[in-house]
Amino acid sequence: MTHALAASGTIAMRSLILVRRMPSVFLPSLIMPLFILITTAGAFQGIAQLSAFDGASYLAFTLPFATVMGAGFAGINSGMTLARDIEGGFADRLVASPVPRSVLVIGPLMASCVRSLFTTTVVMAAAIIGGVDIPSALGIAVIYLLAMLFSAACAAWSMGVALRTRSIQSAPLMQVVVFLGVFMSVAYAPREALEGWLRVVADVNPVTLLLESSREATIETVTWAGFWPGLAAGLGLVALLGLWALTGLRRIGTY
């Protein structure tokens with residue numbers, strides 16, 4: 001067990017070192033959340049006039065959307081890195097090594113959580129510069145935790161795709177599912193302001209619970225009643241998609 005954790009940590013460290021060696025891979029995950037924060041808050045700020053917002057700042061409302069999206073990009077990067085390792089033969093070397101095959105998933109998943117810390121920090125700093133009130137210490141902890149859970153879920157999804165397709169060409173599939181999961185939730189407006197099929201989808205979308213819990217931490221006071229649905233949704237996504245990734249290991253060896 002200790003050996004497996006050490007191997008997972010080493011693979012996670014390798015993934016983080018690649019950030020410095022290949023900044024072109026990681027920089028979009030920093031730039032895109034900032035782009036979303038600025039453009040969404042600017043273009044849709046009029047939506048804040050709806051009674052469902054109760055006078056809340058739309059920039060503060062957008063902050064969790066941007067942090068979750070940034071965490072999603074960090075997770076997708078893990079899937080893309082694994083796809084490159086499979087194409088380049090590095091994954092085959094790990095399969096031949098005397099460590100559990102599960103480290104191929106656990107290591108990049110750990111790295112995605114660490115990368116989400118960077119994206120969340122950058123987005124929060126930009127929002128605070130833009131005038132958003134600094135959340136409480138507990139609120140900040142909740143925002144970071146939920147972003148990490150979503151990053152881990154997106155990493156598991158992307159790695160499952162990479163293990164099944166064994167090609168970096170599957171990157172668009174990794175991205176489009178994450179985008180749909182976020183955009184078909186309460187990304188742009190509260191649940192009460194949604195209508196029609198979008199409201200139906202948002203009600204059953206677990207990302208909705210993540211965003212709503214993160215928004216409570218951003219705009220209001222953190223309560224257990226508001227926090228546990230997002231926590232449960234995040235843990236559920238990680239468990240379900242983690243199983244999806246682990247079963248994909250059968251394509252390159254047993255774990």
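Only this structure's heavy atoms are used, side chains among them; waters, hydrogens and symmetry mates stay out.
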When rounded to the nearest 0.5 angstrom, what is the spacing between [atom1] in [X] and [atom2] in [Y]?
{"X": "Leu163", "Y": "Leu82", "atom1": "CG", "atom2": "CG", "value": "5.0 Å"}
{"X": "Thr165", "Y": "Met174", "atom1": "OG1", "atom2": "CE", "value": "5.5 Å"}
{"X": "Ile134", "Y": "Thr218", "atom1": "CD1", "atom2": "OG1", "value": "12.5 Å"}
{"X": "Leu246", "Y": "Leu243", "atom1": "CG", "atom2": "CG", "value": "6.5 Å"}
{"X": "Ile219", "Y": "Ser214", "atom1": "CD1", "atom2": "OG", "value": "9.5 Å"}
{"X": "Thr62", "Y": "Ile38", "atom1": "OG1", "atom2": "CD1", "value": "11.5 Å"}

Do you reckon [X] sits in the same ILVMFWY cluster as [Y], going by side-chain contacts under 4.5 Å, direct or chained?
{"X": "Ile106", "Y": "Met13", "answer": "no"}
{"X": "Ile129", "Y": "Leu63", "answer": "no"}
{"X": "Leu104", "Y": "Met110", "answer": "no"}
{"X": "Trp224", "Y": "Leu145", "answer": "yes"}
{"X": "Val204", "Y": "Leu194", "answer": "no"}

Step-by-step ring pair (Phe, Tyr, Trp, His ring centres under 6.0 Å) determination, Phe65 to Tyr188: CA-CA 8 Å; Phe65 170 30; Tyr188 293 105; 5.2 Å; yes
Residue pairs involving residues 193-211 (criterion salt bridge (Lys or Arg N to Asp or Glu O under 4.0 Å); sequence neighbours excluded):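 Qualifying pairs, neighbours excluded: Arg191-Asp203, Arg199-Asp203.
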Under 3.5 Å, side chain of [X] to main-chain N/O of [Y], donor-acceptor pair present?
{"X": "Trp157", "Y": "Val178", "answer": "no"}
{"X": "Ser185", "Y": "Val182", "answer": "yes"}
{"X": "Ser170", "Y": "Leu173", "answer": "no"}
{"X": "Ser158", "Y": "Ala155", "answer": "no"}
{"X": "Thr120", "Y": "Leu117", "answer": "no"}
{"X": "Glu87", "Y": "Ile168", "answer": "yes"}

Evaluate the side-chain proximity of [Y] to [X]: yes if any heavy-atom separation is below 4.5 Å, no if none is.
{"X": "Leu146", "Y": "Val68", "value": "no"}
{"X": "Tyr144", "Y": "Thr121", "value": "yes"}
{"X": "Ile128", "Y": "Asp133", "value": "no"}
{"X": "Leu209", "Y": "Trp228", "value": "no"}

Pair Thr119-Arg115, side chain to side chain contact (heavy atoms under 4.5 Å, CB included): steps then yes or no: CA-CA 7 Å; Thr119 58; Arg115 283 197 293 262; 5.8 Å; no
Check against side chain to side chain contact (heavy atoms under 4.5 Å, CB included), Leu210 and Leu237: CA-CA 10 Å; Leu210 274 169; Leu237 283 173; 4.2 Å; yes
Closest non-hydrogen atom pair, [X] against [Y]:
{"X": "Ile143", "Y": "Ala217", "result": "CG1-CB, 4.0 Å"}
{"X": "Ala202", "Y": "Thr208", "result": "O-OG1, 2.8 Å"}
{"X": "Ser151", "Y": "Ser112", "result": "OG-O, 2.9 Å"}
{"X": "Ser213", "Y": "Gly230", "result": "OG-N, 3.0 Å"}
{"X": "Val105", "Y": "Met159", "result": "O-CE, 3.3 Å"}
{"X": "Val103", "Y": "Pro108", "result": "O-CD, 3.8 Å"}

Tyr58 side chain to Thr40 side chain, donor-acceptor N/O pair below 3.5 angstrom: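 Looking only at side-chain atoms, Thr40 and Tyr58 do not form any donor-acceptor pair under 3.5 Å.
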Leu59 vs Leu37, side chain to side chain contact (heavy atoms under 4.5 Å, CB included): CA-CA, chis, key distance, verdict: CA-CA 7 Å; Leu59 181 60; Leu37 179 72; 3.8 Å; yes
Leu149 vs Leu235, side chain to side chain contact (heavy atoms under 4.5 Å, CB included): CA-CA, chis, key distance, verdict: CA-CA 7 Å; Leu149 287 175; Leu235 292 174; 3.8 Å; yes
Phe73 and Phe179 aromatic ring geometry - parallel, tilted or perpendicular at 30°/60° bounds: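 Phe179 and Phe73: perpendicular rings.
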Worked check of side-chain hydrogen bond (donor to acceptor under 3.5 Å, both in side chains) between Arg164 and Thr247: CA-CA 9 Å; Arg164 288 167 172 80; Thr247 53; 2.8 Å; yes
